[in-house]
Amino acid sequence: MMTTITTERLLLRPFTEADLPEFMAIQQDPQVNRFLPWFMPKNEAEALQMLHDQYLDEPDGEALAICLRSTDQAIGYVHAEASASHDFGYGMRRDVWGNGYMTEAAQALVQQLPIADYPFLTATHDVNNPKSGAVMERLGMQYQYTYLEQWQPKNIPVHFRLYLLNRDGNEQRQFLKYWDQYPTHEIEPL
């Protein structure tokens with residue numbers, strides 16, 4: 001488990017319970033939560049449980065708060081799962097969108113991940129959230145395919161674009177899990 005990563009403007013560090021107000025603000029923003037795979041926490045107790053489940057109590061892989069170096073205030077999060085898909089994900093407070101913070105944080109984490117443990121990374125984004133896809137492209141991820149999933153727990157149909165970053169030189173690798181799992185899929189001419 002990593003401790004901290006410092007970039008020009010950011011500090012990536014493990015979350016603590018003291019980050020609950022900032023974490024809750026991110027999760028409860030309807031425009032941010034629209035693209036997150038869980039419902040907004042209704043209250044502080046639910047937000048604290050979510051913080052524990054996702055970041056404090058044995059997270060799957062590396063899961064870090066993204067903080068401004070000037071304030072040490074959490075403005076987002078970034079994670080790379082150690083599980084088979086090596087899913088890479090992130091979220092950020094809406095009022096700091098458009099400053100390049102997510103790309104800066106994501107690049108910093110990717111550079112610190114041991115290739116032996118993370119030979120590749122996958123990431124998906126809703127087709128209605130192209131800015132997330134732009135971050136994936138800036139990380140060097142390559143578009144693979146688009147698939148339709150009845151997204152749970154929100155129970156809504158979502159077209160996801162899957163991106164892949166091969167980190168170990170295996171450029172022949174494909175990640176077909178969702179292509180095989182969901183019958184409605186295509187390769188879009190992006």
Is there a side-chain contact between [X] and [Y] (heavy atoms, below 4.5 Å)?
{"X": "M92", "Y": "M102", "result": "yes"}
{"X": "H79", "Y": "F88", "result": "no"}
{"X": "L164", "Y": "L121", "result": "no"}
{"X": "H185", "Y": "T146", "result": "no"}
{"X": "H86", "Y": "L113", "result": "no"}
{"X": "T4", "Y": "L12", "result": "no"}
{"X": "L64", "Y": "I5", "result": "yes"}
{"X": "M40", "Y": "K42", "result": "no"}

Would you name the heavy atoms of [X] and [Y] that are closest together and state the gap between them?
{"X": "L36", "Y": "Q27", "result": "CD1-OE1, 3.4 Å"}
{"X": "A106", "Y": "V78", "result": "CA-CG2, 4.3 Å"}
{"X": "T3", "Y": "P14", "result": "O-CD, 2.6 Å"}
{"X": "R9", "Y": "Y101", "result": "NH1-CE2, 3.4 Å"}
{"X": "R167", "Y": "V110", "result": "NH2-O, 2.8 Å"}
{"X": "W38", "Y": "M50", "result": "CD1-CE, 3.6 Å"}

Any donor-acceptor pair under 3.5 Å linking the side chain of [X] with the backbone of [Y]?
{"X": "N129", "Y": "D126", "value": "no"}
{"X": "Q28", "Y": "P41", "value": "yes"}
{"X": "N43", "Y": "A45", "value": "yes"}
{"X": "Y147", "Y": "Q181", "value": "no"}
{"X": "Y55", "Y": "E58", "value": "no"}
{"X": "D19", "Y": "F23", "value": "no"}
{"X": "R13", "Y": "D72", "value": "yes"}
{"X": "D29", "Y": "I26", "value": "no"}
{"X": "D60", "Y": "A82", "value": "yes"}
{"X": "E62", "Y": "L109", "value": "no"}

Using distance alone, with no hydrogens and no angle criterion, decide if E17 and H52 have a side-chain donor and acceptor under 3.5 Å apart.
-> yes
Donor-acceptor pair between S132 and Y90 side chains, under 3.5 angstrom =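 The criterion, which ignores hydrogens and geometry beyond distance, is satisfied for Y90 and S132.
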Report the residues that fulfil side chain to side chain donor-acceptor pair (under 3.5 Å) with S85, sequence neighbours left out, ordered by chain and then residue number.
-> none
Is atom CD of Q152 surrounded by more than 12 heavy atoms (other residues, nucleotides or ligands) closer than 6.0 Å?
->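 Yes - once you tally the heavy atoms of other residues, nucleotides and ligands closer than 6.0 Å, there are more than 12.
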Determine whether more than 12 heavy atoms belonging to other residues, nucleotides or ligands lie under 6.0 Å from atom NZ of K154.
-> yes
At what distance, to the nearest 0.5 angstrom, does [atom1] of [X] lie from [atom2] of [Y]?
{"X": "R161", "Y": "M136", "atom1": "CZ", "atom2": "CE", "value": "10.5 Å"}
{"X": "K131", "Y": "N128", "atom1": "NZ", "atom2": "CG", "value": "13.5 Å"}
{"X": "F120", "Y": "R173", "atom1": "CZ", "atom2": "CZ", "value": "5.5 Å"}

Using 30° and 60° as the class limits, which term best fits the ring planes of F160 and W151: parallel, tilted or perpendicular?
->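 Perpendicular, since the angle between the ring planes exceeds 60°.
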Look at the rings of W179 and Y145 and say which category their plane angle falls in: under 30° parallel, 30 to 60° tilted, over 60° perpendicular.
-> perpendicular
Common cluster, L48/M24, ILVMFWY with side-chain heavy-atom separation under 4.5 Å | no
Aromatic ring centroids of Y163 and H125 under 6.0 Å?
-> yes
